[in-house]
Number of protein chains: 2
Amino acid sequence: MPRVADHDARHGQITDAVQRLIVRNGLTAVTVARTAAEAGMSVGLVQHYFTAKDEMLLATFTRVNERFTSRVDELVHRGEAEGCTIAEMLRQALTELMPLDDARRAELLVRRAFADTAAHNACLAAVQRETLVGIRSRVAQAIRNGTVCGEVGQGVDAAGQALQIVAFAEGLALHTHIDPDGTPDRAVLAALDDHLSRVFTGTCRHAQLG
Amino acid sequence: MPRVADHDARHGQITDAVQRLIVRNGLTAVTVARTAAEAGMSVGLVQHYFTAKDEMLLATFTRVNERFTSRVDELVHRGEAEGCTIAEMLRQALTELMPLDDARRAELLVRRAFADTAAHNACLAAVQRETLVGIRSRVAQAIRNGTVCGEVGQGVDAAGQALQIVAFAEGLALHTHIDPDGTPDRAVLAALDDHLSRVFTGTCRHAQLG
DNA sequence: CCGGTAGCAATATAGACGTACGGTTATAGC
DNA sequence: GCTATAACCGTACGTCTATATTGCTACCGG
């Protein structure tokens with residue numbers, strides 16, 4: 001009956017503001033007042049959409065992780081559409097996780113910012129864990145597909161190798177972020193290729209349409 | 001002339017208290033009042049040893065990172081004394097970085113707790129980076145030694161492989177920590193072995209003393 | 001066209017926090 | 001044994017924060 005507003009849009013405005021604040025000054029510096037200012041609205045309005053600050057932060061973290069996962073999915077789907085090999089698809093998807101531009105650096109920054117909080121909060125921990133196992137299971141499926149089509153050798157432990165690949169990618173992202181000078185972009189990409197080539201040792205039987 | 005106190009001991013008491021608080025409730029929950037209480041002293045005394053809270057946190061982070069690095073060194077030295085192969089030494093050292101018991105879980109927790117702050121504070125960032133490159137250069141040296149003695153093939157890029165190994169170990173530690181159920185201890189250790197065995201492919205020429 | 005509810009803003013409040021400060025105690029040097 | 005000074009304590013102060021509260025405004029349904 002009364003005037004209406006786009007709730008999703010508002011939530012997005014607020015969580016985006018939180019993200020920007022985290023990138024600029026860290027999670028510690030995020031206050032509802034500053035968030036409101038950054039989002040261009042009043043403190044009261046932020047409260048109207050998030051009853052408590054915790055909710056606001058949880059929503060932000062969830063949103064970032066969802067975007068993170070869906071970006072991987074998108075890459076995979078595009079790769080499938082274009083008839084890429086599985087190895088190539090995976091390579092692109094994992095490259096997407098590296099902090100090689102500002103946007104991805106920001107994303108990593110935000111995900112890392114919640115490390116402390118997530119370790120002592122069940123909700124945040126769940127989001128973090130689900131993101132991780134989500135990525136891992138996608139990689140595992142890719143490996144299983146590779147086994148079928150011939151890119152991956154028979155008898156390879158898909159889950160185990162997926163764990164290794166994702167852990168490796170995450171660690172690489174961390175190193176790049178902490179010590180960019182010591183890990184030039186091409187070294188990072190080369191390391192990724194190197195690791196993937198140890199799992200994807202064959203060529204696809206179906207990919208003979210050069 | 002006046003009464004004297006063991007400054008190092010006091011600093012240790014305080015930073016230990018900070019660590020315990022971080023493990024229990026997170027970095028966010030660390031206040032000087034709580035730290036004083038945890039350390040069994042007055043707020044004034046904490047101030048007497050650390051002018052500002054920032055100093056206190058920096059000292060804590062530095063201490064944890066030093067312990068972290070020196071633990072690796074210790075493992076390496078012990079390995080050398082016992083005549084282990086380089087691969088075996090490295091395996092033990094990297095295993096030491098995994099959160100497989102409470103002490104190491106706590107250490108990882110503390111190091112991760114500073115992720116957000118370190119990303120926006122030059123001093124903390126420096127400590128973090130130096131720890132990382134310190135570990136990495138030690139591993140690189142181990143690989144170079146391995147090349148000399150025959151455990152590692154000729155023409156292997158020591159720095160590049162060191163980056164890969166450490167990044168992998170760190171990523172593995174992270175996964176274990178975030179999703180312990182999905183990464184049982186033996187899977188983690190197996191993954192480590194698997195990765196190391198790809199670099200250490202030969203046997204030491206000198207190790208023929210049965 | 002009008003009443004009521006959601007959208008929105010401004011302010012009030014209560015608490016927690018870092019740090020400054022004044023005071024007390026104990027001891028090493030003379 | 002006196003004294004200067006470091007070790008140590010308790011508290012008060014100013015600031016910052018999350019949140020509760022109050023009130024105004026715009027608009028949909030009837």
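This one's a predicted model, so the numbers in the text were calculated from it and none came from an experiment. In what follows, every chain begins at residue 1, and chains take the letters A, B, ... in the order their sequences are listed. Atom set for the values below is all heavy atoms of this structure, side chains included, hydrogens, waters and symmetry mates excluded.
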Does Arg3(B) get its side chain close enough to the base of dT25(C), under 3.5 Å, for a donor-acceptor pair? yes
For Leu57(A) and dT17(D), what is the distance between atoms CG and P respectively, to the nearest whole Å? 14 Å
Taking 4.0 Å as the cut-off, does a side-chain nitrogen or oxygen of His7(B) come that near to OP1 or OP2 on dA6(D)? no
To the nearest Å, give me how far apart CE (Met56(B)) and C1' (dC17(C)) are. 12 Å
Rounded to whole Å, CG of Leu27(A) lies from P of dT17(D) at a distance of 13 Å
Classify the angle between the aromatic ring planes of Tyr49(A) and His7(A) as parallel (below 30°), tilted (30 to 60°) or perpendicular (above 60°). perpendicular
Comparing Thr31(A) with His48(B), nearest DNA chain D nucleotide closer to 5' gives the residue His48(B)
Base of dA18(D), side chain of Gln47(A) - is there a donor-acceptor contact under 3.5 Å? no
Measure the distance from CG on Leu45(A) to P on dT21(D) and round it to the nearest whole Å. 19 Å
Within the structure, does a side-chain N or O atom of Arg34(A) lie under 4.0 Å from either OP1 or OP2 of dT17(D)? yes
Any side-chain donor-acceptor pair under 3.5 Å between Gln128(B) and Asn65(B)? no
Nearest-Å distance for atom pair OH/P, residues Tyr49(A) and dT19(D): 18 Å
Report the relative orientation of the aromatic rings in His195(B) and Phe168(B); use parallel for angles under 30°, tilted for 30 to 60°, perpendicular for over 60°. parallel
Taken to the nearest whole Å, CG/Asp54(A) to P/dA18(D) is 10 Å
d(CE, Met41(B); P, dC9(D)) in whole Å: 8 Å
Distance-only polar pair, side chains of Arg136(A) and Gln141(A), donor-acceptor under 3.5 Å: no
Looking at Arg67(A) and Asp73(A), does any basic side-chain N land under 4.0 Å from a carboxylate oxygen? no
Would you indicate what Phe50(B) reaches in the nucleic acid, counting non-hydrogen atoms under 4.0 angstrom: base, sugar-phosphate, or nothing? nothing
Look at the side chain of Ser42(B) and decide which nucleotide, out of dA7(D), dG10(D), dA18(D), has an atom nearest to it. dG10(D)
I need the CG-P distance between Asp6(B) and dA6(D), as an integer number of Å. 17 Å
